[in-house]
Amino acid sequence: MIQPSQIRNIALVGHAGSGKTTIFEALLHTAGLTRTPGNIERGNTVSDHEPLEIQHGHSMQTSLASIERPDLRINLIDTPGYPDFRGPTLSALHAVETAVIVINASNGIEYGTRQMMHYARECHLPRVLVINHIDADDLNLPALINDIREEFGSECLPVQLPAEGGTQILDAFFQHEGKADFDRLADAHQRILDQVVEINERVMGRYLDQGEDALSREDLHNAFEQCLREGHLIPICFMSATTDVGVTEFLQLAERLLPNPAEGNPPPFERHHHGQVEPLHAVPDPALHVIADVFKIINDPFMGKLSVFRVYQGHIQHDSQLFIDDGHKSFKVSHVFRLQGKQTVEIQSAGPGDLAAVAKVDDIHFDAVLHDSHEEDEIRLAPLHFPKPMFSLAIEPARKGQEQKLSTALHRLTEEDPCFRVEHHRELNETVIQGLGALHLKVMLERMRERYGVEIVQHPPRIAYRETISTHAEGHYRHKKQTGGAGQFGEVYLRIDPLQRGQGFEFEVQIKGGVIPGQYLPAIEKGIHRALNEGALAGYPIEDLRVTVLDGKSHPVDSKEVAFVTAGRKAFLDAFAKASPQLLEPMVDLHVTIPDTRVGDITGNLASRRARILGTEASYRGESLIKAQAPLAELTDYATELKSMTAGQGRFVYEFSHYEPAPSTVQKNLSATWKPRAEED
């Protein structure tokens with residue numbers, strides 16, 4: 001079994017179009033795993049193997065492959081660059097020791113660069129910057145390095161330098177002689193050496209006393225790895241993946257200097273016990289109990305459900321008996337697989353630090369903890385923080401009879417993507433899907449059609465308005481119906497009074513003398529509840545009022561439950577119409593993060609959407625956070641407009657706050673288009 005010290009886990013992340021997939025393919029080719037590098041345009045990459053990825057020409061999900069060398073395994077994860085597919089990307093960050101952020105040399109620092117640097121830092125991951133496409137024309141690499149250091153800090157230092165017009169890459173850490181295209185190799189070597197040794201007192205002391213020659217390769221590795229782990233160093237590498245320049249040098253860097261599973265920052269596991277939460281340190285020892293976390297689910301048409309996991313402790317092999325989460329569900333491992341793109345390769349076992357998969361275990365879910373002892377029943381990985389999906393669509397099958405197929409498709413798609421969510425709004429009778437962008441939802445709909453054969457009808461979700469009253473009023477209705485035999489009779493007088501927002505509904509009885517027998521009072525309340533659910537102004541639920549039954553009449557023969565249901569409902573509607581009814585709209589607390597340069601435009605746009613600006617504050621380098629309250633109805637197309645106004649750099653989240661009266665124009669429009677249910681008396 002391979003040892004943790006012989007494993008490197010690396011995620012390639014960055015802005016869309018930076019070249020992550022091309023680097024992934026170049027690394028596999030250089031390592032001898034493919035005859036020729038896969039090409040995105042030809043649709044033959046190991047990474048982007050899903051039909052929709054080939055069709056659209058970019059990654060939509062993470063893809064794994066392993067490079068095997070003597071005494072070394074490099075597990076690579078290629079990730080999507082588009083913000084719409086951020087869920088799988090962030091999941092991958094929790095399965096690796098190193099995040100490699102790829103920058104397109106022609107485009108420089110982009111929105112995705114900043115985002116992934118931020119996410120990786122939040123995950124306490126060592127970061128490496130790779131400047132790709134260094135063979136492009138009219139580049140100013142020194143200026144780009146200055147931009148990087150200004151944006152992300154002075155800890156960003158070249159660990160390599162291009163030479164011979166960008167056709168060679170020189171190592172600036174272990175070497176100090178050679179002619180680079182810019183900067184002196186000796187100067188770059190000295191800068192990075194000074195940065196590395198100053199964080200390790202033992203190495204620093206030896207370096208100051210005896211000089212660089214006194215430092216062994218192990219000393220340099222340990223100090224380098226410590227700097228990465230503590231964020232004291234962010235190495236900058238150079239590459240042209242299309243011409244293989246820098247690919248071999250990157251593999252050497254990974255082998256020599258990047259942290260292995262025994263060195264990286266430990267994963268944030270927690271032990272939950274009797275309401276207490278204690279941090280737990282998983283030890284990368286194959287002899288201990290198994291602790292593994294599922295970071296990816298694949299529903300493969302041939303293999304079935306594939307659960308991809310990272311082993312943190314112990315080892316998993318054929319015939320292992322594993323428990324899921326709290327230990328109530330268990331399964332026996334029939335096969336262990338390693339993924340090479342869409343191919344699965346059966347392996348004997350997976351030890352600490354390795355990435356592997358099991359198939360056809362339906363009870364496993366994303367972020368499940370797998371273990372082999374009930375001692376670990378209470379262990380969880382600390383909650384992962386994903387962007388909240390803000391794009392919504394209401395959907396239904398285009399043809400009747402496909403409801404079950406739709407339900408199955410939605411279940412499987414939510415298993416695969418932690419940022420794709422499904423809600424069923426009972427009061428509106430709608431199934432609503434939520435995602436991170438219009439492209440995200442478009443791809444999900446395409447997957448439903450291509451994978452599961454479900455055609456969808458879509459429309460914007462309805463807004464969950466409410467109705468209420470603003471003053472008190474009284475209502476009366478006498479229900480009298482003769483049908484030839486026994487008739488129907490019931491008469492009700494009642495009063496309605498407004499309540500404070502959020503108090504719901506109250507029902508009281510103040511009749512005297514038994515004018516309405518007690519057995520009919522529940523029928524009156526039933527009729528009122530029917531009116532509350534159906535609405536009386538624009539067809540939305542009615543809330544925040546008290547109904548008091550004051551008087552009424554009954555008949556010893558003709559009074560029945562159905563008569564008082566109708567009388568109660570219509571007496572309520574009579575009072576409601578007199579009580580200055582109001583339409584309430586949902587308000588949300590809105591947080592919008594945008595570039596500093598767009599604050600004026602965005603606040604103006606929000607004001608046009610009836611938003612109240614509550615404040616603006618600095619959020620991150622070059623970004624501002626706008627806090628506001630806005631009507632939910634005004635945000636149905638906001639994601640698209642914000643994306644357009646900020647060139648894709650703006651993002652927002654909102655949470656429900658409260659209901660408040662809608663403007664009269666909104667109330668009139670909705671009331672005019674409402675068609676009340678036909679009477680059934």
Side-chain angles (χ1 to χ4, degrees), residues 12-20 22-23 26 81 99-118 120-121 127-173 175-196 227-228 231-247 249-250 253 594-598 618 620-623 646-649:
L12 300 171
V13 299
H15 196 82
S18 58
K20 300 179 296 298
T22 307
I23 291 176
V100 172
I101 297 99
V102 182
I103 298 175
N104 186 322
S106 298
N107 300 340
I109 299 169
E110 299 176 273
Y111 171 67
T113 315
R114 297 184 182 92
Q115 283 298 99
M116 297 321 301
M117 286 288 282
H118 170 72
R121 186 181 68 250
R127 290 161 287 167
V128 176
L129 289 165
V130 170
I131 299 176
N132 190 27
H133 301 304
I134 62 169
D135 56 335
D137 295 331
D138 301 322
L139 295 181
N140 188 341
L141 294 179
L144 176 55
I145 292 173
N146 288 335
D147 290 344
I148 289 171
R149 289 170 58 83
E150 184 175 339
E151 179 87 22
F152 302 120
S154 60
E155 61 268 25
C156 301
L157 289 172
V159 72
Q160 301 170 342
L161 287 176
E164 300 293 331
T167 60
Q168 291 184 17
I169 298 297
L170 302 179
D171 171 32
F173 185 59
Q175 294 180 216
H176 53 81
E177 294 182 359
K179 187 175 182 182
D181 289 341
F182 61 88
D183 202 357
R184 293 180 63 248
L185 192 67
D187 293 341
H189 171 78
Q190 193 61 53
R191 280 193 295 270
I192 197 166
L193 185 65
D194 291 343
Q195 184 80 0
V196 165
C227 284
L228 286 180
H232 189 66
L233 172 66
I234 302 174
I236 301 174
C237 303
F238 297 86
M239 191 181 296
S240 171
T242 53
T243 59
D244 280 343
V245 173
V247 177
E249 288 77 8
F250 179 81
L253 174 82
I594 54 170
D596 288 339
T597 56
R598 309 299 295 175
Y620 186 57
R621 292 175 179 172
E623 291 185 334
T646 62
Q649 298 184 53

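Just the heavy atoms: all of them, side chains too, but no hydrogens, waters or symmetry mates, feed the values below. Quantities reported herein were computed from a predicted structural model and do not represent experimental measurements.
In this structure, the side chain to side chain contact (heavy atoms under 4.5 Å, CB included) partners of Ser240, at least two apart in sequence or on a different chain, are Ile134, Asp135, Thr242, Thr243, Val245. In this structure, Asp147 has no salt bridge (Lys or Arg N to Asp or Glu O under 4.0 Å) partners at least two apart in sequence or on a different chain. Under the rule for a salt bridge (Lys or Arg N to Asp or Glu O under 4.0 Å), the partners of Arg598 that lie at least two apart in sequence or sit in another chain are Asp601. Qualifying salt bridge (Lys or Arg N to Asp or Glu O under 4.0 Å) partners for Asp171, counting only residues two or more places apart in sequence or in other chains: Arg256. His15 pairs by the side chain to side chain donor-acceptor pair (under 3.5 Å) definition with nothing, not counting sequence neighbours. Shown here are the ring pair (Phe, Tyr, Trp, His ring centres under 6.0 Å) partners of His133, two or more places apart in sequence or in another chain: there are none. Listed by chain and residue number, Pro595 satisfy the side chain to side chain contact (heavy atoms under 4.5 Å, CB included) test with Thr597 (two or more places apart in sequence, or in another chain). For Phe173, the ring pair (Phe, Tyr, Trp, His ring centres under 6.0 Å) partners are Phe224, not counting sequence neighbours. With sequence neighbours left out, Asp244 forms a side chain to side chain contact (heavy atoms under 4.5 Å, CB included) with Ala26, His29, Thr30, Val247. Under the salt bridge (Lys or Arg N to Asp or Glu O under 4.0 Å) criterion, Asp187 pairs with Arg184, not counting sequence neighbours. With sequence neighbours excluded, no residue satisfies ring pair (Phe, Tyr, Trp, His ring centres under 6.0 Å) with His232. Shown here are the side chain to side chain contact (heavy atoms under 4.5 Å, CB included) partners of Ala105, two or more places apart in sequence or in another chain: Ile131, Leu139, Leu141.
A side chain to side chain contact (heavy atoms under 4.5 Å, CB included) with Val100 holds for exactly one of Ile23, Val128, Val13; it is Val128. With Pro162 as reference, Ile169 is the one residue of Leu170, Ile169, Thr167 to meet the side chain to side chain contact (heavy atoms under 4.5 Å, CB included) rule.
Between Ile103 and Glu110 there is no side-chain heavy-atom pair separated by less than 4.5 Å. Between Val130 and Leu12 there is no side-chain heavy-atom pair separated by less than 4.5 Å. In this structure the side chain of Ile145 reaches within 4.5 angstrom of the side chain of Pro158, judged on heavy atoms. Using a 4.5 Å heavy-atom threshold, the side chains of Phe152 and Thr113 count as touching. Using a 4.5 Å heavy-atom threshold, the side chains of Gln190 and His176 count as separate.
To the nearest 0.5 Å, the span separating CG on Leu185 from CD on Glu177 amounts to 9.0 Å. Here the straight-line distance linking atom CZ of Arg127 with atom CE of Met117 works out to 4.5 Å at 0.5 Å rounding. One distance of note links CG of Leu144 with CD1 of Ile109; it measures 6.5 Å at 0.5 Å rounding. Note that the SG atom of Cys237 and the CG atom of Leu161 stand 10.5 Å from one another [nearest 0.5 Å]. Atom SG of residue Cys156 and atom CD1 of residue Ile236 lie 5.5 Å apart, to the nearest 0.5 angstrom. Note that the NZ atom of Lys20 and the CG atom of Asn104 stand 10.0 Å from one another [nearest 0.5 Å].
The heavy-atom pair separating Glu623 from Asp596 by the smallest distance is C-OD1, 3.0 Å. A pairwise comparison of heavy atoms in Thr22 and Ala241 identifies CG2-CB, 3.7 Å as the closest pair. When all heavy atoms are compared, the tightest approach of Ala172 to Ile192 is O-CG2, 3.8 Å. Closest approach of Asn132 and Gly19 over heavy atoms only: ND2-CA, 3.6 Å. Nearest heavy-atom pair across Gln195 and Cys227 is O-SG, 3.8 Å.
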Pair Arg149, Leu157 - check side chain to side chain contact (heavy atoms under 4.5 Å, CB included), show working.
CA-CA 8 Å; Arg149 289 170 58 83; Leu157 289 172; 2.8 Å; yes

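Side chain of Asp181 to backbone of Glu164: a donor-acceptor contact under 3.5 angstrom is found.
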